[in-house]
Amino acid sequence: MNIQQHRGGILLSEVSCLNLDETLDCGQCFRFERQDDGSYKGIVRATPLHIHQLGENTFFLEGTTQEEFETIWYDYFDLSLDYEQLKKRYQEDETMRRALRYAPGIRVLRQEPWEALCTFIISQNNNIPRIKGIVARFCEAFGTPLPGGGYAFPTPDSIYGKTPEDLSVLRAGFRAKYLLDAANRVYTGQLVLEDLYTMPIEEARRVLQTVKGVGPKVCDCVLLYGLHRIDAFPVDVWIKRVLERFYPQGIPACIQGTQGIAQQYLFHYIRHLEQAQRKEDALCEVTAM
């Protein structure tokens with residue numbers, strides 16, 4: 001990967017295994033919006049980003065400084081992990097080969113743990129547009145305004161001691177009381193999210209599920225997307241279909257240990273299975289010519 005300062009931003013070239021549509025619009029994060037020109041705008045750790053994909057392996061981070069790239073975006077896009085090597089392992093499994101052919105540019109983002117906890121609490125029994133709406137209202141109501149516009153994600157202390165009625169502006173329904181319980185636990189030190197980075201995963205699951213409304217699926221989403229525990233494996237209705245259809249005997253050995261990353265490819269693949277099969281058929285026809 002090459003990094004250059006370029007016209008008021010950072011130009012990245014020779015970046016492998018990253019596609020903005022596949023990564024930022026696949027249900028793992030909720031604060032990025034696709035722009036009319038195909039670029040994305042979002043806010044992470046109170047820092048705005050406007051990122052453009054200029055080609056398969058080239059990206060422009062508009063307005064980003066070298067320091068911001070090194071301290072925020074390099075980690076956020078998981079650029080230190082060798083996805084090419086991971087995908088070589090995954091090729092041992094036929095279903096994974098198909099999933100990788102359909103969406104080869106997915107990366108699992110390294111999100112901020114508190115934000116991941118809140119957004120995946122909000123995600124319960126919800127769809128992506130509505131999740132984004134609740135998250136946007138949450139930030140506007142309780143987040144700090146940023147100089148260039150937009151809002152930082154609310155901190156635990158910003159809603160500590162609030163009531164469900166105080167959060168009614170979010171229109172989050174039953175999820176409001178779960179957000180408040182999470183804030184109370186983090187603010188008072190009952191839950192120290194940073195400890196979960198290194199805690200044995202079963203213990204981390206037990207600790208996270210002390211938060212009201214956090215069950216196995218939300219718990220593993222927080223571990224995977226907020227703490228980069230890539231051995232976590234969130235199972236929702238889509239992954240249940242994957243397991244029933246392709247892995248009735250269990251997940252293959254080639255993805256074990258990094259099954260969280262493999263899960264994201266499989267999740268995207270099964271949600272768009274008919275489209276993926278059409279893409280695969282078209283590739284086969286081209287190859288046969």
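The figures here come from the full heavy-atom set of this structure, side chains too, leaving out hydrogens, waters and symmetry mates. Being a predicted model, the structure only gives us computed values, none of them experimental.
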Note, L170 side chain near F142 side chain (heavy atom, < 4.5 Å): yes
E56, CD atom: more than 12 neighbouring heavy atoms under 6.0 Å: no
Contact check, side chains of Y178 and Q124, non-hydrogen atoms, under 4.5 Å: yes
Single-linkage hydrophobic cluster Y187~V207, side-chain heavy atoms < 4.5 angstrom: no
For the student: nearest non-hydrogen atoms of S123 and K217, plus distance: OG-NZ, 4.1 Å
Heavy-atom pair of closest approach, residues L224 and G260: CD2-O, 3.5 Å
Pair R206 + E202: basic N to acidic O under 4.0 Å: no
Side chains of L243 and P248 in contact at under 4.5 Å (non-hydrogen atoms): no
4.5 Å side-chain heavy-atom contact, T119 and F153: yes
Residue pair E84, K88: steps toward the salt bridge (Lys or Arg N to Asp or Glu O under 4.0 Å) verdict: CA-CA 6 Å; E84 291 283 9; K88 286 179 183 176; over 6 Å; no
Exceeds 12 heavy-atom contacts within 6.0 angstrom, atom CG of D37: yes
Reported CD1-to-CZ distance for the pair I134 and R175, which is rounded to 0.5 angstrom: 5.0 Å
Heavy-atom donor-acceptor pair, Q259 side chain to G257 backbone, under 3.5 Å: yes
Donor-acceptor under 3.5 Å (S158 side chain, P154 main chain): no
Aromatic centroids of Y265 and Y102 separated by under 6.0 Å: no
F233 reachable from L81 in the ILVMFWY side-chain graph, under 4.5 Å edges: yes
Check: R241 side chain, R271 main-chain N or O, donor-acceptor pair, under 3.5 Å: no
Backbone N/O of G38 and side chain of Q35: donor-acceptor pair under 3.5 Å: no
Side-chain heavy-atom pair Y160, V186 within 4.5 angstrom cut-off: no
Chi angles and distances behind the salt bridge (Lys or Arg N to Asp or Glu O under 4.0 Å) call for D181, R185: CA-CA 6 Å; D181 186 65; R185 289 176 184 275; 2.8 Å; yes
Backbone of V135 reached by a side-chain donor or acceptor of E140 within 3.5 Å: no
Nearest non-hydrogen partners of P164 and L180, listed with the distance: N-CD1, 3.4 Å
Backbone of I122 reached by a side-chain donor or acceptor of N126 within 3.5 Å: yes
Results of salt bridge (Lys or Arg N to Asp or Glu O under 4.0 Å) for R137 - residues two or more places apart only: none
Hphob cluster co-occupancy, W114 + V108, side-chain heavy atoms under 4.5 angstrom: yes
Check: P48 and K41 side chains under 4.5 Å, non-hydrogen atoms: no
4.5 Å side-chain heavy-atom contact, I230 and H228: yes
Reported CD1-to-SG distance for the pair I121 and C221, which is rounded to 0.5 angstrom: 11.5 Å
Spacing of CD belonging to Q85 relative to CZ belonging to R89, to within rounding of 0.5 Å: 8.5 Å
Heavy-atom closest pair, residues R171 and R130: O-NH2, 3.0 Å
Nearest heavy-atom neighbours spanning C26 and H268: CB-ND1, 3.9 Å
Distance (rounded to the nearest 0.5 Å) between K87 NZ and I106 CD1: 9.0 Å
Polar side-chain atom of R107 near backbone of D78 as donor-acceptor pair, under 3.5 Å: yes
Path from Y197 to F120 over hydrophobic side-chain contacts below 4.5 Å: yes
Residue pair N57, E14: steps toward the side chain to side chain donor-acceptor pair (under 3.5 Å) verdict: CA-CA 5 Å; N57 303 309; E14 299 182 24; over 6 Å; no
Side chain to side chain contact (heavy atoms under 4.5 Å, CB included) between V214 and L117, worked out: CA-CA 9 Å; V214 175; L117 175 58; 4.1 Å; yes
L223 reachable from V235 in the ILVMFWY side-chain graph, under 4.5 Å edges: yes
Approximate separation, where rounding is to 0.5 Å, of Q53 CD and T23 OG1: 8.5 Å
Minimum heavy-atom distance between A152 and R31, given as atom pair plus value: C-NH1, 3.9 Å
Q91 side-chain N/O to R97 backbone N/O, donor-acceptor pair under 3.5 Å: no
Any side-chain donor near an acceptor of the partner, T65 and E67, under 3.5 Å: no
Side chain to side chain contact (heavy atoms under 4.5 Å, CB included) between F138 and C118, worked out: CA-CA 10 Å; F138 188 35; C118 291; 4.3 Å; yes
Rounded distance [0.5 Å steps], CD in Q263 versus OH in Y269: 15.5 Å
Salt bridge (Lys or Arg N to Asp or Glu O under 4.0 Å) against D166, all qualifying residues, sequence neighbours excluded: none
Candidate pair T58 and L11, rule side chain to side chain contact (heavy atoms under 4.5 Å, CB included), full reasoning: CA-CA 7 Å; T58 306; L11 183 68; 3.9 Å; yes
Evaluation steps, side chain to side chain contact (heavy atoms under 4.5 Å, CB included), between Y247 and V242: CA-CA 7 Å; Y247 303 124; V242 169; 3.8 Å; yes
Donor-acceptor side-chain pairing of E62 and H52 below 3.5 angstrom: yes
Charged N-O contact under 4.0 Å between D25 and R34: no
Linked hydrophobic residues, M1 as query - side chain contacts closer than 4.5 Å: I3, I10, L12, V15, L18, L20, L24, F32, Y40, V44, L49, I51, F59, L61, F69, I72, W73, Y74, Y76, F77, L79, L109
pair K132-E33: side-chain heavy atoms closer than 4.5 Å: yes
